[in-house]
Undergrad: 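Shown below is the structure under consideration.
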Amino acid sequence: MWHLIGFDNLKICVKMLVKGKYRMEEWYNPADVEPRWQAYWQDHHLFKVTEDPEKEKYYLLEMFPYPSGKIHIGHVRNYTIGDVVVRYKRMKGFNVLHPMGWDAFGMPAENAAIDNNTHPAAWTYDNIRAMRAQLKKMGFSYDWDREIATCRPEYYKWEQWLFLKMLENGMAYRKESFVNWCEKCQTVLANEQVEQDKCWRCSRPVHQKKLWQWFFRITDFAEDLLVYCDKLPGWPDKVTVMQKNWIGKSVGSELTFQVAGMEAQIPVFTTRPDTIFGATFMCLAPEHPLVETLCKGTKQEKDVAAFLEKVAAQERSLEGLEKYEKEGVFTGRHCINPATGEEIPIYTANFVLMGYGTGAIMSVPAGDQRDFDFAKKYGLEIRVVVQPASPPLDPDTMETAYTGPGIMVNSGQFDGMDSEKAIETITDWLAEQGRGKKAVSYRLRDWGISRQRYWGAPIPVIHCPDCKVVPVSQKDLPIALPEDANLLEKGGSPLPTLDYFKQAVCPRCGRKDARRDTDTMDTFVESSWYYLRYCSPRFDQGMFDPAAVKYWAPVDQYIGGVEHAVLHLLYSRYFMRVLHHFGMIDFKEPFTRLLTQGMVCKETMTCPEHGYLYPEEARKEANETFVCTRCGKDVEIGRVIKMSKSKKNVVDPNELLEKYGADVTRLFCLFAAPPERDLEWSEDGVEGSNRFINRVWRLALACMQKIDTSQVTAFKGPAGDLKSQSARSLYIKTQQTIKKVTADIDESFHFNTAIAAVMELVNAVYTIDLDTSDNEIKAVVLSAMENMLLLLSPIVPHFCEELFEKMGHQGSILEQSWPTFRTDSIETDEVLVVVQVNGKLRARFSVAADTAEPAIKDAALADDKVVKHIQDAPVKKIILVRKKQILVNIVV
RNA sequence: GCCGAAGUGGUGGAAUUGGUAGACACGCUAGACUUAGGAUCUAGUGCCGCAAGGCGUGGAGGUUCAAGUCCUCUCUUCGGUACCA
């Protein structure tokens, strides 16, 4: 057992044993206590839940992890926060659902398989096993019977089922779109596999390849998703704001420009129809379908072709767009400005995006900086149509575009009008002539779900030479991923090479040479509905048992990293709308309350020779500086940033478990910062938590030794029944602590202040001399101790179980009710009065709580220090505020 | 650029609706117990000042009897996002 005990504690234990002064029990020994209680919880099925209509339900969920190999400290923090709330809610009498599972499909499994010559499935299941064991060691209260892994056919079968239903209802469709493609590896690359426009494996240039891909029509719900952002009071504003920005609604007009000398019309979307008279040219996106038609037969044809080729090479390098200069080329054609009737040139330009609006813009150089730069570069006309109050704009001298409001000029019958009013007036005017209409544009685009990858859920469709795309038959689900496939060395999916998987009979016409779709679904699809699956994880008649979902869903409290603020959360909200649309559920929002916890951060250490160092690679010198253990050079301590393997500023949860145990680790994660803020990791801080745990431990042991529980039981009456002042004040402190901790956990999740409150109570008990013969104070101390353990039990559960048992209680502390405080014992009988003179603190004294206000004022005025500061100035006003304390402000 | 959040001692962080700024903890200092201390206990610890007192919540103004908290301007840091028409 020796290796199980933290080494530091062991060293001390041995010393003490040798000395014969202490027994082992003087310290909390996690290696002994924690596994024992974990086994107890498991043996007694304390975390198993079923629907119980008699009890109020509470569904708490933490974002499930990707089984990457090991739990990291971010998981530990996330799941500790959730576990505290769950244990609290259970003691409050709620029927709590708290499940855990695995977001088990995804690219890292494929990469690991290639690198380690294993199989993604084997790798994934091994990792799940290891991580499950770690989570159990942390003492998290999951109902493990509900565990799911999204890579199992029993799970993704229902995802395929939903896909078919969405396909049938036009909510899933296929279109051509681009992917990153590496010619050498013959594979599709994810964005993160593209490094500086090059393939991460072979460093060859990546180019864009057009493929037919599946999409979900999330844009159908753009407005609903947006509107409901304001109906999520339990979500942090920053998340709903990010979602709103992502959806990116803009209200404006769609105006139609006739191409001169051709039958074609070009619609443009603009938020500034008031500037239409200043539109002196038009720009089309290079991918715009009209570009080639327009230039055909003009002398610009060659120039345009050259430009398109150039843009194709630079396009889509994602972050890179900013690097490229705004440029364009004349298409050789003109169109007619619907307001002025003038012919204006049509350009194609690299800063216009096909994916937004209509892929074409009207360019108003005086009113848009990009258009302005473009006009300057190509010598195009700048016409001022909105004049600010002052100074007046002159197209010849202006250096930047003016985008603000003003008075309309050069705009025909609209001259003199306020430009903001003109937005609507001009749109109406153009609408009457059939040349425009009000329009709304969203930034949000449909969700592309096809992945040309192996480790994902197969898309259940068959391609038939005659019938084209045919959904597979329901009875053939799941379309199981063949688990005996070997990953291709270059990272490509083996599915298209597996004839037995690929060959299919057309479900419609029976042709034998049909081909199964070999793409798999985006892993965000799995995570968009897993929380419903937890309600009935083994249900085999559908995605979920409607009765179970009706009882448990939606999730009352969701907890996870803010990095999922947009995609995962938006897709989940979308999925609930889809299911709602199908009448499968009666709610639209999956997560009633959301907590996004902060990152876990630590300082970095850099050696001039060896780069980033792990903490154990740096040695502390006597003068508080660090040196590299390998070369002895001075180590530079960098700033505190998010823990990451690449920066080596990490702590390993396994090491923490071994050294301090689960409870100390949990305690520190909660105490160091409130959950929504970043947590700065500090070894000293962990030591502090360890010290606190042991301080309580010793206090409890001392109580057991000094208080004979056959004579004394915990006091429960009103404070007024207590004779001694010290008993009363400790009892009131206990009641106040219950109130404070309850509020901190229940309302704000501010566990750091809850813990601080308990620390205060511990400190208060420490001041009591237990060698007294006064049984009253002992009864109050017992009450303090018992409540202390109940209050701490969600935070450090093993520790509290052990002490609770030692103090003579039967069963698990989990089955105790959460303590309530006595409203008649929350106020102290003496109140502090603070006295200010002209707002500055000058004196303080105590009075009996029931002292009348005039008496308090008199006492304040009589105070020596107050008298000194007032001197002979006349008192103008006395303000008295009665809160926790009494404040008197004397204005002279 | 735009959107969002945050700036409080040597450090992490506390401060209902404006009402004692710095709870609690880390660190540090001193003492006690010790052969020993990286254990434990006790006391101290915002800054300046011998003191009286003064100054203090990124900075500058303002509202108020009273401002970390409200208003205006501004600086810095972090997060998100973008040729969005």
Side-chain angles (χ1 to χ4, degrees), chain A residues 8-9 11-12 15-16 19 21-22 26-27 236-242 244-246 248 250 252 268-272 275 283 319 321-322 324 326 349-353 355-364 367-371 373-374 441-443 562-563 565-566 598-599 601 639-642 668 671-674 676-689 691-692 694-695 698 743 747 750 752-760 762-763 766 832-841 844 868 876-892:
Chain A
D8 287 14
N9 282 347
K11 211 160 65 181
I12 295 156
K15 278 182 190 171
M16 295 309 174
K19 209 174 158 194
K21 191 170 169 184
Y22 299 99
E26 297 281 335
W27 284 268
D237 286 345
K238 70 165 170 183
V239 175
T240 47
V241 165
M242 278 161 78
K244 284 184 201 171
N245 289 344
W246 189 262
S250 52
V268 303
F269 177 77
T270 178
T271 55
R272 293 294 303 274
T275 63
C283 290
E319 305 95 12
L321 281 178
E322 214 165 295
Y324 303 120
K326 288 185 194 68
N350 64 350
F351 67 91
V352 183
L353 306 173
Y356 185 76
T358 61
I361 59 167
M362 63 177 213
S363 293
V364 183
D368 181 284
Q369 192 56 41
R370 285 161 304 177
D371 296 345
D373 296 341
F374 197 85
S441 186
Y442 296 93
R443 200 181 81 96
V562 73
E563 63 272 23
V566 178
M599 300 178 297
C601 302
R639 40 194 303 179
V640 177
I641 54 168
K642 179 182 174 169
F668 176 72
F671 182 61
E676 69 279 5
R677 284 245 281 250
D678 287 350
L679 184 155
E680 185 180 329
W681 194 264
S682 137
E683 189 73 20
D684 285 341
V686 184
E687 288 285 354
S689 295
R691 217 177 297 166
F692 172 67
N694 281 291
R695 200 167 141 81
R698 282 189 307 273
E747 290 157 26
H750 280 193
N752 56 333
T753 50
I755 294 164
V758 178
M759 285 174 168
E760 284 189 56
V762 172
N763 291 345
Y766 256 88
L832 183 71
V833 179
V834 296
V835 188
Q836 298 177 332
V837 177
N838 287 337
K840 290 202 171 172
L841 181 69
R844 58 181 79 190
K868 192 175 145 205
K876 283 195 213 153
K877 201 176 180 184
I878 299 179
I879 290 152
L880 189 144
V881 182
R882 208 181 186 116
K883 292 262 170 91
K884 240 184 315 190
Q885 286 82 26
I886 296 170
L887 179 134
V888 180
N889 192 7
I890 301 167
V891 187
V892 297

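Per chain, numbering begins at 1; letters A, B, ... match sequence-line order.
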Undergrad: Please work out if A:Gln885 contacts a base, only the sugar-phosphate, or nothing of the nucleic acid, heavy-atom cut-off 4.0 Å.
TA: base
Undergrad: Would you mind telling me which residue lines up with the more 5' stretch of RNA chain B, A:Ile879 or A:Asn752, judged by nearest nucleotide?
TA: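 Going by which nucleotide is closer to the 5' end, it is A:Asn752.
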Undergrad: Could you check whether A:Ser682 gets within reach of a base, just the sugar-phosphate, or nothing at all, counting any heavy atom under 4.0 Å?
TA: nothing
Undergrad: According to the Watson-Crick and G-U wobble definition with distances under 3.5 Å, which dot-bracket string, read 5' to 3', encodes RNA chain B, using [ ] for crossing pairs and | for pairs with another strand?
TA: (((((((..(((......[....)))((((((.......))))))(((....)))..(((((..]....))))))))))))....
Undergrad: Checking the side chain of A:Asn752 only, and the main-chain atoms of A:Ala672 only, is there a donor and an acceptor separated by less than 3.5 Å?
TA: no
Undergrad: Assess the residue pair A:Val562 and A:Glu676 against the criterion (side chain to side chain contact (heavy atoms under 4.5 Å, CB included)); give the C-alpha distance rounded to whole Å, side-chain angles, the decisive distance to 0.1 Å, and a yes or no.
TA: CA-CA 9 Å; A:Val562 73; A:Glu676 69 279 5; over 6 Å; no
Undergrad: Counting any heavy atom closer than 4.0 Å, what does A:Pro236 reach on the DNA or RNA strands: base, sugar-phosphate only, or nothing?
TA: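 Touches nothing.
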Undergrad: From CD of A:Glu687 over to P of B:C26, roughly how many Å is that when rounded to an integer?
TA: 10 Å
Undergrad: Looking at CZ of A:Arg370 and SG of A:Cys283, how far apart are the two atoms once the value is rounded to the nearest 0.5 Å?
TA: 10.0 Å
Undergrad: Under 4.0 Å, heavy atoms only, any strand: does A:Ile890 hit a base, just the sugar-phosphate, or nothing?
TA: nothing
Undergrad: One character per nucleotide, please: for nucleotides 44-58 of chain B, 5' to 3', B when the base has a protein heavy atom closer than 4.0 Å, S when only the sugar-phosphate does, - otherwise.
TA: --------SSSS---
Undergrad: Using a 4.0 Å heavy-atom cut-off, does A:Phe671 contact any base of the nucleic acid, only the sugar-phosphate backbone, or nothing at all?
TA: base
Undergrad: Using only atom types and a distance under 3.5 Å, with no angle test, would you say the side chain of A:Asn838 pairs donor to acceptor with the backbone of A:Val892?
TA: yes
Undergrad: For atom C1', what is the distance between B:U76 and B:U64, given to the nearest Å?
TA: 29 Å
Undergrad: Side chain of A:Arg698 only, please: which of B:A39, B:U40, B:G19 is the nearest?
TA: B:U40
Undergrad: Check this one for me: any side-chain N or O of A:Arg691 less than 4.0 Å away from OP1 or OP2 of B:C26?
TA: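 It does, given that an N or O in the side chain of A:Arg691 lies less than 4.0 Å from OP1 or OP2 of B:C26.
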Undergrad: Nearest 0.5 angstrom please: A:Arg844 CZ to A:Ile886 CD1, how far?
TA: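 Reported to 0.5 Å precision, the distance equals 14.0 Å.
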Undergrad: Just checking A:Gln369: base, sugar-phosphate only, or nothing, at a heavy-atom cut-off of under 4.0 Å?
TA: nothing
Undergrad: By nearest nucleotide on RNA chain B, pick out whichever of A:Gly685 and A:Asn889 is the more 5' one.
TA: A:Gly685
Undergrad: Base, sugar-phosphate, or nothing for A:Asp678, non-hydrogen atoms under 4.0 angstrom?
TA: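 A:Asp678: backbone/sugar contact only, no base atoms under 4.0 Å.
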Undergrad: Under 4.0 Å between any heavy atoms, over every strand shown, what does A:Lys326 touch: base, sugar-phosphate, or nothing? Just pick one.
TA: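 Touches a base.
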Undergrad: Could a donor-acceptor pair under 3.5 angstrom be found where the side chain of A:Asp684 meets the base of B:C26?
TA: no
Undergrad: When the distance from CD1 of A:Ile641 to P of B:C78 is rounded to whole Å, what number comes out?
TA: 11 Å
Undergrad: For A:Asn763 and B:U40, what is the distance between atoms CG and C1' respectively, to the nearest whole Å?
TA: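 From A:Asn763 CG to B:U40 C1': 14 Å.
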Undergrad: To the nearest angstrom, how far is A:Glu680 atom CD from B:U11 atom C1'?
TA: 8 Å
Undergrad: Calculate the interatomic distance between A:Met242 atom CE and B:A5 atom P; express it in whole Å.
TA: 12 Å
Undergrad: Examine B:G12: is either OP1 or OP2 under 4.0 Å from a nitrogen or oxygen in the side chain of A:Arg677? Give yes or no.
TA: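 For B:G12, neither OP1 nor OP2 has a side-chain N or O of A:Arg677 closer than 4.0 Å.
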Undergrad: Determine whether a donor-acceptor pair (N or O, by modelled atom type, separation under 3.5 Å) exists between the side chain of A:Asp371 and the backbone of A:Val364.
TA: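 Flag set: sc A:Asp371 to bb A:Val364 pair under 3.5 Å.
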Undergrad: Taking atom C1' in both B:G19 and B:A82, what distance in whole Å separates the two?
TA: 45 Å
Undergrad: When you compare the side chains of A:Arg443 and A:Asn245, does any donor N or O come within less than 3.5 Å of an acceptor on the partner?
TA: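 Absent: no donor and acceptor within the cut-off.
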Undergrad: Starting at atom CD of A:Glu683, determine the distance to atom C1' of B:U11, rounded to an integer number of angstrom.
TA: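 One finds 16 Å between C1' of B:U11 and CD of A:Glu683, rounded.
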Undergrad: If you define the side chain from C-beta out and look only at heavy atoms, does anything of A:Val686 sit under 4.5 Å from A:Trp681?
TA: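 Sidechains of A:Trp681 and A:Val686: in contact.
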Undergrad: Which glycosidic conformation, syn or anti, is assigned to B:G46 if syn requires a torsion within 90° of zero?
TA: anti
Undergrad: Counting side-chain heavy atoms from CB outward, which of B:A25, B:U81, B:U20 is closest to A:Trp246?
TA: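 Minimum distance to the A:Trp246 side chain belongs to B:U81.
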Undergrad: What distance separates A:Thr275 OG1 from A:Asp368 CG, expressed to the nearest 0.5 Å?
TA: 8.5 Å
Undergrad: From NZ of A:Lys244 over to C1' of B:C2, roughly how many Å is that when rounded to an integer?
TA: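 Atom-to-atom, A:Lys244 to B:C2, this comes out as 16 Å.
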Undergrad: Given the rule in the side chain to side chain contact (heavy atoms under 4.5 Å, CB included) test, do A:Arg698 and A:Tyr766 qualify, once you have shown the distances and angles that lead to the verdict?
TA: CA-CA 10 Å; A:Arg698 282 189 307 273; A:Tyr766 256 88; 4.1 Å; yes
Undergrad: Does the ring centre of A:Phe671 sit less than 6.0 Å away from the ring centre of A:Phe692?
TA: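 Not close enough - the centres of the two rings lie 6.0 Å or further apart.
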Undergrad: To the nearest 0.5 Å, what is the distance between CG on A:Asp237 and NZ on A:Lys244?
TA: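 Rounded to the nearest 0.5 Å, the CG-NZ separation comes to 8.0 Å.
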Undergrad: Given B:C41, is OP1 or OP2 found less than 4.0 Å from the side-chain N or O atoms of A:Arg695?
TA: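 Checking B:C41 against A:Arg695, a side-chain N or O does come within under 4.0 Å of OP1 or OP2.
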Undergrad: Output the rounded distance in Å from CD (A:Glu676) to P (B:A6).
TA: 9 Å
Undergrad: Report yes if at least one side-chain N or O of A:Asn245 is closer than 4.0 Å to OP1 or OP2 of B:C84; otherwise report no.
TA: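 It does not, given that no N or O in the side chain of A:Asn245 lies less than 4.0 Å from OP1 or OP2 of B:C84.
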Undergrad: Under 4.0 Å between any heavy atoms, over every strand shown, what does A:Val881 touch: base, sugar-phosphate, or nothing? Just pick one.
TA: base
